[in-house]
Amino acid sequence: MNNRIKYTAFFLAILLLGLIISCSESSDSADISSSSNCPTKTCGDFKSQSQAQSAYDSNKSCYKNLDSDGDGIACENLSK
């Protein structure tokens with residue numbers, strides 16, 4: 001009976017260690033994906049609306065902040 005308790009405790013310790021490592025790795029990968037390769041750009045970074053539109057069209061999810069009203073037109077306040 002004593003060996004059975006030791007093996008059970010050892011198994012639970014290994015299981016807990018694996019769970020801790022697994023959770024820490026998944027939180028690290030979430031941090032990586034949230035800080036993706038998207039550059040931080042605002043309308044002030046562009047000289048014209050067409051430049052901003054070109055950037056927006058190249059990756060709409062990356063440059064979604066250039067289209068504040070969601071109509072598909074980036075930086076409407078800039079001159080063409």
Side-chain angles (χ1 to χ4, degrees):
M1 181 82 169
N2 195 11
N3 281 340
R4 186 174 181 184
I5 292 173
K6 287 180 184 178
Y7 289 127
T8 302
F10 178 73
F11 175 76
L12 289 175
I14 295 297
L15 184 65
L16 182 61
L17 180 63
L19 182 62
I20 290 170
I21 291 171
S22 173
C23 288
S24 69
E25 287 177 358
S26 67
S27 68
D28 289 346
S29 65
D31 291 342
I32 291 169
S33 65
S34 67
S35 60
S36 65
N37 292 331
C38 290
T40 305
K41 296 284 186 179
T42 64
C43 291
D45 295 318
F46 299 96
K47 294 181 181 181
S48 68
Q49 190 277 329
S50 60
Q51 285 179 338
Q53 188 68 46
S54 179
Y56 175 75
D57 289 340
S58 73
N59 190 338
K60 291 182 181 174
S61 64
C62 203
Y63 294 106
K64 62 186 171 197
N65 63 323
L66 299 179
D67 181 17
S68 60
D69 59 3
D71 65 353
I73 302 172
C75 301
E76 296 172 88
N77 59 329
L78 292 177
S79 63
K80 297 237 179 206

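The closest donor-acceptor contact from the side chain of Asn65 to the backbone of Lys41 lies under 3.5 Å. The backbone N or O of Gln51 sits nowhere less than 3.5 Å from a side-chain atom of Ser54 that would complete a donor-acceptor pair. No donor-acceptor distance shorter than 3.5 angstrom exists from the side chain of Gln49 to the backbone of Asn77, with no hydrogens or angles considered. A donor-acceptor pair under 3.5 Å links the side-chain atoms of Gln53 to the main chain of Gly72, judged by distance alone. Between the Asn59 side chain and the Tyr63 main chain, no donor and acceptor come within less than 3.5 Å of each other.
Summarising the geometry of Leu78 relative to Phe46, their closest heavy-atom pair is CD1-O, 3.9 Å, with the distance given to 0.1 Å. Across every non-hydrogen atom of Leu66 and Thr42, the tightest pair is CD2-C, 3.6 Å.
The CG atom of Leu15 sits 10.0 Å away from atom CD1 of Ile20, with the distance rounded to the nearest 0.5 Å. Distance CG/Asn3 to OG1/Thr8: 10.5 Å, rounded to 0.5 Å. Distance check: Ile14 CD1 to Leu19 CG gives 13.0 Å after rounding to the nearest 0.5 Å.
Within the 4.5 Å cutoff, no side-chain heavy atoms of Lys60 are placed close to those of Asp67.
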